[in-house]
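Below is one structure; the comments refer to it alone.
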There are 2 protein chains.
Amino acid sequence: MGRPPKFSRQRLQDAALAIVDEKGSGALSMRVLAAALGTGPMTLYNHVAGREDLDVLVVDAVLSRARWSRQPDADWRAEVREIALAGWRAVREHPRAIPLILTRRTRSTAALEMAEALLAALARSGCRGRRLLVAFRAVMACIMGFAQGDLAGPLAAAASENAAEVLARVLSLPPDRFAHLIEIAAAARDSSAEEEFLGGLDLLLAGLEAQPAAS
Amino acid sequence: MGRPPKFSRQRLQDAALAIVDEKGSGALSMRVLAAALGTGPMTLYNHVAGREDLDVLVVDAVLSRARWSRQPDADWRAEVREIALAGWRAVREHPRAIPLILTRRTRSTAALEMAEALLAALARSGCRGRRLLVAFRAVMACIMGFAQGDLAGPLAAAASENAAEVLARVLSLPPDRFAHLIEIAAAARDSSAEEEFLGGLDLLLAGLEAQPAAS
DNA sequence: ACCTGAACACCGTTCAAGT
DNA sequence: ACCTGAACACCGTTCAAGT
């Protein structure tokens with residue numbers, strides 16, 4: 001009795017994230033992670049509930065690396081921007097984990113902490129209840145949606161190794177049916193993902209400003 | 001030579017989507033789909049390139065059901081709203097396909113068609129180039145991000161069978177650390193997912209209005 | 001309390017063979 | 001051109017046993 005666990009949660013997180021970073025989210029498995037830790041598959045069941053838990057482990061590892069500071073004196077928009085940008089950057093640091101994050105964010109306690117911080121900042125604008133809920137969900141959608149687009153969007157800029165390939169595919173589309181798509185593919189090539197994300201976020205913030213008591 | 005294919009693409013799409021709808025996205029496999037079609041696993045390789053293609057099949061099936069009408073006379077905002085809502089509704093019709101959609105949207109030609117329609121509508125506001133790109137990505141992020149939140153967000157309203165469970169989990173969080181989260185969980189219970197989505201979209205549209213030539 | 005190997009019911013895909 | 005079964009190298013997890 002009372003034997004100390006063989007692996008810390010941190011150790012599991014690091015090993016699982018390393019596998020995803022190196023081989024992609026599809027390469028993570030009980031057996032592969034166990035092998036990376038130098039043990040048998042069944043040993044992992046002493047630390048996680050099952051396969052699904054492995055994904056959550058990775059999501060939590062990625063999101064818990066997001067850092068932001070409280071800025072009670074600054075404008076609430078600046079605070080929202082900082083938290084959202086920290087979240088987006090943390091996700092972007094681990095592009096191969098994005099499919100997992102999109103899909104399991106909910107189970108991660110680190111995601112809950114980010115949500116609470118975002119809500120606190122948004123609440124400083126004065127909105128409450130349903131309006132606060134909508135504002136929060138819109139900002140969260142912005143973070144996750146832009147991260148998803150960066151993953152492999154039809155306009156994916158740099159970063160991803162197959163971005164050039166995706167761009168080529170868009171450019172080879174029938175120009176009569178996809179005129180606008182082709183047109184902005186060029187704009188995407190000269191644009192940075194972070195600028196685009198901040199641009200989208202600022203649209204949202206401008207909308208919050210413009211609709212202060214609506215809905 | 002010239003033997004007609006045993007299964008049409010439509011037939012494959014329908015069967016694959018039915019499996020996902022009934023058993024969830026994790027239940028889709030070459031062998032299960034083959035069995036549903038009354039054939040052996042290897043036969044599928046005459047119709048799809050491999051496992052990954054199955055997911056794309058499902059995504060395309062879901063997104064191609066989105067319908068919208070051109071409204072050249074109406075306000076461009078109304079047109080954007082209609083297309084985005086059609087996309088969001090199509091996704092919502094098949095909640096168990098959402099993980100696939102979030103993850104494979106890019107490979108779907110139906111998604112490209114929706115993107116082009118959205119771009120055409122947004123372009124009517126007068127924006128071009130980088131600004132059009134950002135507006136487009138923000139709207140797309142809104143559709144996908146809200147759909148993701150509906151899937152299992154910490155505030156998931158109705159629809160998903162485990163929504164009550166998620167709500168209960170949020171409500172049982174330590175109230176000192178998650179005050180705002182708990183506060184809006186109540187608001188989420190009385191709100192409809194579609195209202196929330198439209199609210200978020202309108203924030204974005206208001207922002208486009210307010211920042212007509214910025215960035 | 002925690003660790004672990006054997007075994008089972010899956011999975012995608014290569015290969016070789018059939019029409 | 002299209003169909004298909006056998007076989008291979010995986011996978012998650014149950015069970016029973018060990019300390």
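Just so we're on the same page: letters track the sequence lines, and every chain starts at 1.
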Nucleotide nearest B:Thr43 when distance is taken to its side chain, options D:dC11, C:dC11, D:dC3:
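The answer is D:dC3, which lies nearest to the side chain.
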
| B:Gln71, CD: over 12 other non-hydrogen atoms inside 6.0 angstrom | yes

message: Does anything in residues 6-21 of chain B come within less than 4.0 Å of DNA chain C? Heavy atoms only, and list the residues if so.
response: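 Here the set is empty: none.
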
Mind checking if B:Val48 touches a base, just sugar-phosphate, or nothing, with heavy atoms under 4.0 Å? nothing

Across all chains, not counting sequence neighbours, the side chain to side chain donor-acceptor pair (under 3.5 Å) partners of A:Arg11 are none

A:Arg124 side-chain N/O to A:Pro72 backbone N/O, donor-acceptor pair under 3.5 Å: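 Checked: pair present.
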
Donor-acceptor check, side chain of A:Arg67 to backbone of A:Ser64, threshold 3.5 angstrom: yes or no? yes

**Asked** Quick one: is C:dT4 close enough that its OP1 or OP2 comes under 4.0 Å of any side-chain N or O from A:Thr39?
**Response**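 For A:Thr39, the contact criterion (side-chain N or O under 4.0 Å from OP1 or OP2 of C:dT4) is met.
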
For nucleotides C:dA16 and D:dA1, find the distance between their P atoms and express it as a whole number of Å.
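My reading of the P atoms in C:dA16 and D:dA1 gives 22 Å.
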
Whole-Å distance separating the [atom1] atom of [X] from the [atom2] atom of [N]:
X: B:Leu33; N: C:dC10; atom1: CG; atom2: P; result: 17 Å
X: A:His47; N: C:dC2; atom1: NE2; atom2: C1'; result: 8 Å
X: A:Leu44; N: C:dT4; atom1: CG; atom2: C1'; result: 11 Å
X: A:Leu37; N: C:dT4; atom1: CG; atom2: P; result: 11 Å

Expected string for nucleotides 13-19 of chain D under the B/S/- scheme (protein heavy atoms, under 4.0 Å, primed atoms plus P, OP1, OP2 as sugar-phosphate) is BBB---B

Each base of DNA chain D marked ( ) or [ ] if paired in-strand (Watson-Crick or G-U under 3.5 Å), | if paired to another strand and . if unpaired gives ||.|||||...|||||.||

Cut-off 3.5 Å, no hydrogens considered: what does the side-chain donor-acceptor table look like for residues 38-47 of chain B, sequence neighbours left out?
unit_1: B:Thr39; atom_1: OG1; unit_2: B:Thr43; atom_2: OG1; d: 3.0
unit_1: B:Asn46; atom_1: ND2; unit_2: B:Thr43; atom_2: O; d: 3.1
unit_1: B:His47; atom_1: NE2; unit_2: B:Phe7; atom_2: N; d: 3.4
unit_1: B:His47; atom_1: NE2; unit_2: B:Phe7; atom_2: O; d: 3.4

Note: contacts of residues 54-62 of chain B with DNA chain D (heavy atom, under 4.0 Å) are none

CD1 on A:Ile143 to CZ on A:Arg105, rounded to 0.5 Å
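Answer rounded to 0.5 Å: 8.5 Å.
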
Distance check, rounded to the nearest 0.5 Å: B:Leu208 atom CG versus B:Leu203 atom CG?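 Rounded to the nearest 0.5 Å, the CG-CG separation comes to 11.5 Å.
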
